[in-house]
Colleague: 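One structure follows; several queries about it will come next.
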Amino acid sequence: MDRIQKIVPADKAAYYAAKARWDSIAKPLGSFGLLEEMIQKTAAVQGTPDVDISSRAAVVMCGDHGVVSEGVTQCGQKVTAECARAIAEGRSNINAVAAAFNTEVIAVDAGMAADVDCEGLIKRKTVRGTRNITVENAMTAEETEAAIVTGIDTVKLLAEKGVKIIITGEMGIGNTTPTAAVASVLLGLPPEKVTGRGAGLSSEGMKRKISAVKRAIEVNKPSAQKPIELLRKIGGAEIAAMTGLFFGGAYYHIPVVIDGVISAAAAAVACCEAPVCREYMLASHCSGEPAGKGLLEYCGLTAPINAGLRLGEGTGGVLLLPLLDGALALYRNSHRFDETNIERYAELT
């Protein structure tokens, strides 16, 4: 965990060098909008205006949640293991989308209740499913730290392989319930404002879910000023592991893409603990879940995709890649003012 304390700001010189390159292109200043900022931000993370995202990986952290026993989900906990196996074997939703954009998919058991015998699954189990947050803490301090370290270590391994950008993903039946609890505490909003239907719930199911979030906060008394403790009390192993991915991205200077509301909650925890982490994050889409926009705003980020996505597994995060590829095509290859007779645009104030 000492690596968190050693995170430094991204390279501002590279950021402004990338901006100068954008401004040299024969087009209206800033006319590629948020994507220009994202390329500049990636330049700062990588320490060079010669941005490279050619090697990319989606990391899907998997974990289970004791709060499922409160009737907050449409399906049972066994589905986590089945979906994790499908991801590890290349058969799931994220695999189909990632293949279209030349993205490796990595599945990690960060805290599933079951053991999955699958060669493609990275086994870093820190807990056999979290405890029921309506009656006790989700994890111990040791389990929480181990899950965070799992995320940081995963980034280290990917950095050594030459991966240039990481997409966060998750699989965990019931994980929108602890996500709503985390969002409620960090954003200072009542559970009713941040709790959604997740993978699908009836109105009665929603009542149970909101009640579970309320009780989790009442019983565990988490504090927005103590983000790691907050994860321990009302989070989950895969949420903590994704928080580790954001810490790792900042430490190893790799941009990390936020997917949906669950990874946004992990990103918000990382920003709360180490605010400089937001310099290493890219938002992909604004989740259809009610806490999605608020969590991104908490991180100081805006998502370019607003399509009501809520599938998870990192699927929405991967969809950012073709947008960045398109922006980089313009950034690298378009004609420039000094090569044409087009008058350079002036920056207006």
Side-chain angles (χ1 to χ4, degrees), residues 3-56 155 158-159 162-168 245-258 264 267-268 270-286 296-305 317 319-349:
R3 284 173 286 187
I4 299 172
Q5 312 306 320
K6 295 178 181 178
I7 294 171
V8 299
D11 186 341
K12 284 298 181 187
Y15 177 94
Y16 288 113
K19 184 180 188 306
R21 186 176 295 188
W22 274 120
D23 292 349
S24 74
I25 297 172
K27 66 173 185 59
L29 294 175
S31 56
F32 232 44
L34 182 57
L35 296 179
E36 291 193 25
E37 168 67 19
M38 288 187 156
I39 298 303
Q40 291 166 211
K41 193 170 183 180
T42 303
V45 172
Q46 296 182 344
T48 173
D50 297 321
V51 172
D52 179 5
I53 60 167
S54 58
S55 177
R56 60 273 298 254
V155 177
L158 293 176
V163 169
K164 300 298 184 183
I165 189 168
I166 295 170
I167 296 89
T168 55
L245 289 176
F246 292 112
F247 288 141
Y251 182 79
Y252 291 104
H253 292 261
I254 297 178
V256 180
V257 177
I258 301 169
C271 286
C272 186
E273 177 69 18
V276 72
C277 283
R278 61 173 48 93
E279 297 182 20
Y280 296 83
M281 298 175 181
L282 299 175
S284 59
H285 71 98
C286 187
L296 292 181
E297 289 175 347
Y298 183 92
C299 298
L301 301 173
T302 302
I305 303 170
L319 291 180
L320 178 66
L321 296 175
L323 295 180
L324 295 179
D325 287 341
L328 282 172
L330 179 62
Y331 178 77
R332 293 168 178 155
N333 303 321
S334 190
H335 63 167
R336 302 184 184 275
F337 287 115
D338 59 9
E339 301 166 345
T340 69
N341 292 321
I342 301 171
E343 184 177 351
R344 185 182 292 267
Y345 285 86
E347 189 162 358
L348 303 178
T349 59

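The figures that follow rest on heavy atoms only: side chains count, while hydrogens, waters and symmetry mates do not.
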Colleague: Verify side chain to side chain contact (heavy atoms under 4.5 Å, CB included) between T42 and I165, making sure each step is shown before the conclusion.
Modeller: CA-CA 9 Å; T42 303; I165 189 168; 5.6 Å; no
Colleague: State, with a plain yes or no, whether a side-chain heavy atom of K41 is found less than 4.5 Å away from one of L301.
Modeller: yes
Colleague: Please step through side chain to side chain contact (heavy atoms under 4.5 Å, CB included) for the pair L282 and V45, ending with a clear verdict.
Modeller: CA-CA 11 Å; L282 299 175; V45 172; over 6 Å; no
Colleague: Would you call H285 and L319 a side-chain contact if the rule is heavy atoms closer than 4.5 Å?
Modeller: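 They are not in side-chain contact.
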Colleague: So, for L245 and T168, which heavy atoms are closest and what is the spacing to 0.1 Å?
Modeller: CD1-CG2, 3.8 Å
Colleague: Which atom names give the shortest non-hydrogen contact between I167 and L321, and what distance separates them?
Modeller: CD1-CD1, 3.8 Å
Colleague: Is the positively charged end of K12 above the ring of Y15, judged by distance under 6.0 angstrom from the centroid and angle within 45° of the axis?
Modeller: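 Output yes; distance and angle both within limits.
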Colleague: Give a yes or no on whether the backbone of Q40 and the side-chain of R21 come within a donor-acceptor separation of less than 3.5 Å.
Modeller: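 Here the side-chain-to-backbone pair does not exist.
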Colleague: What do the steps show when you test D325 against I53 for side chain to side chain contact (heavy atoms under 4.5 Å, CB included), and what is the final call?
Modeller: CA-CA 8 Å; D325 287 341; I53 60 167; 3.6 Å; yes
Colleague: List the atom of I254, the atom of A159, and the distance in Å for their closest heavy-atom pair.
Modeller: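 Scanning both residues completely, I find the closest heavy atoms to be CD1-CB, 3.6 Å.
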Colleague: Looking only at heavy atoms, which two atoms of Y252 and R3 are closest? And how far apart?
Modeller: OH-NH1, 2.9 Å
Colleague: State, with a plain yes or no, whether a side-chain heavy atom of Y331 is found less than 4.5 Å away from one of E36.
Modeller: no
Colleague: How about L323 and M38: do any of their side-chain heavy atoms sit closer than 4.5 Å?
Modeller: no
Colleague: For P304 and A283, work out which heavy atoms get closest and say how close.
Modeller: CD-O, 3.3 Å
Colleague: Given side chain to side chain contact (heavy atoms under 4.5 Å, CB included), test Y251 with V155 step by step and report yes or no.
Modeller: CA-CA 9 Å; Y251 182 79; V155 177; over 6 Å; no
Colleague: Does E339 use its side chain to pair, donor to acceptor, with the backbone of R336 at less than 3.5 Å?
Modeller: yes
Colleague: Could you tell me whether the side chain of R344 and the main chain of D338 form a donor-acceptor pair under 3.5 Å?
Modeller: no
Colleague: On a heavy-atom basis, which atom in A327 and which in L35 lie closest, and how many Å separate them?
Modeller: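 That would be CB-CB, 4.0 Å.
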Colleague: Ring-plane angle category for Y280 and H253, please: parallel below 30°, perpendicular beyond 60°, tilted otherwise.
Modeller: perpendicular
Colleague: Is any side-chain heavy atom of L330 closer than 4.5 Å to a side-chain heavy atom of K27?
Modeller: yes
